[in-house]
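Let me begin by presenting the structure, written as structure tokens, before commenting on it.
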Amino acid sequence: MTYHWWDEIVAGHKTCEYRRFTEGWRKRLNGLKRGDSIVFHRGYTGRTLTRRIKDIRVITGWDLPNEVYDYFGKPNEEKFFEIRFSQE
């Protein structure tokens, strides 16, 4: 995860992570459920933080928050995983 998004989670401003709906992410997220832990890495450093999953759902590009929508290049019709997590 890039430094910007990782720092937003640490500051308590970010409570969702978004990933494109690809075969690779479907395999990684398969079987995860509410209450499971997710580990975020700050870039290629050894710094990590762990959060509990609140929900995982599939959304379209239309449903992305503005900053994330721009980051992904305005992907209107594409699907994404929205991973909601706790701020513990």
Side-chain angles (χ1 to χ4, degrees):
M1 165 176 289
T2 64
Y3 289 26
H4 169 75
W5 298 117
W6 198 88
D7 293 344
E8 289 290 304
I9 293 171
V10 170
H13 303 297
K14 183 172 172 63
T15 59
C16 287
E17 180 60 20
Y18 300 91
R19 291 289 185 249
R20 290 188 188 278
F21 190 79
T22 64
E23 183 64 27
W25 281 109
R26 283 192 297 272
K27 288 179 182 177
R28 288 182 187 118
L29 299 174
N30 185 36
L32 290 179
K33 61 190 179 309
R34 182 183 180 101
D36 287 348
S37 294
I38 188 166
V39 178
F40 296 104
H41 296 262
R42 189 173 194 259
Y44 292 100
T45 70
R47 295 180 68 187
T48 63
L49 55 94
T50 303
R51 297 290 186 261
R52 295 264 179 219
I53 295 172
K54 287 185 174 181
D55 188 33
I56 299 176
R57 65 186 187 129
V58 177
I59 62 170
T60 66
W62 295 107
D63 298 317
L64 292 170
N66 288 338
E67 185 178 11
V68 177
Y69 180 79
D70 291 340
Y71 177 82
F72 280 113
K74 301 174 177 53
N76 301 333
E77 303 300 330
E78 292 183 48
K79 290 182 181 178
F80 292 84
F81 286 107
E82 179 184 63
I83 307 161
R84 293 187 174 274
F85 52 85
S86 65
Q87 276 300 323
E88 52 185 64

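Just so it is clear, the structure is predicted and the values come from calculations on it, not from any experiment.
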Min side-chain heavy-atom separation [X]-[Y] under 4.5 Å:
X: Asp7; Y: Arg42; result: yes
X: Arg47; Y: Trp6; result: yes
X: Ile83; Y: Leu29; result: yes
X: Lys54; Y: Phe85; result: no
X: Glu67; Y: Glu8; result: no
X: Met1; Y: Ile9; result: yes

Which heavy atom of [X] sits nearest a heavy atom of [Y], and at what distance?
X: Asn76; Y: Trp62; result: O-CD1, 3.1 Å
X: Gly61; Y: Tyr69; result: O-CD1, 3.2 Å
X: Asp36; Y: Gly31; result: OD2-O, 4.0 Å

(request) Run the numbers on Phe80 and Arg20 for side chain to side chain contact (heavy atoms under 4.5 Å, CB included), then give the verdict. (result) CA-CA 4 Å; Phe80 292 84; Arg20 290 188 188 278; 3.6 Å; yes
(request) Determine, stepwise, if the pair Phe81 / Arg57 fulfils side chain to side chain contact (heavy atoms under 4.5 Å, CB included). (result) CA-CA 6 Å; Phe81 286 107; Arg57 65 186 187 129; over 6 Å; no
Approximate separation, where rounding is to 0.5 Å, of [X] [atom1] and [Y] [atom2]:
X: Asp55; Y: Arg34; atom1: CG; atom2: CZ; answer: 7.5 Å
X: Arg26; Y: Arg19; atom1: CZ; atom2: CZ; answer: 15.5 Å
X: Lys14; Y: Trp5; atom1: NZ; atom2: CH2; answer: 5.0 Å

(request) Begin with the C-alpha distance, continue with both residues' side-chain angles, and end with the deciding distance and a verdict on side chain to side chain contact (heavy atoms under 4.5 Å, CB included) for Glu78 and Phe72. (result) CA-CA 10 Å; Glu78 292 183 48; Phe72 280 113; over 6 Å; no
(request) Check the side chains of Ser37 and Arg52 for a donor-acceptor pair under 3.5 angstrom, ignoring hydrogens and angles. (result)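 Their side chains do contain a donor-acceptor pair, which is all the 3.5 Å distance test asks for.
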(request) Check the hydrophobic clustering (I, L, V, M, F, W, Y; side-chain heavy atoms under 4.5 Å; chains of links allowed) and say if Leu49 and Tyr3 are grouped together. (result)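 Not linked; separate clusters.
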(request) Spell out, as yes or no, whether a donor-acceptor pair under 3.5 Å connects the side chain of Glu82 to the backbone of Thr60. (result)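 Judged by distance alone, no pair lies under 3.5 Å.
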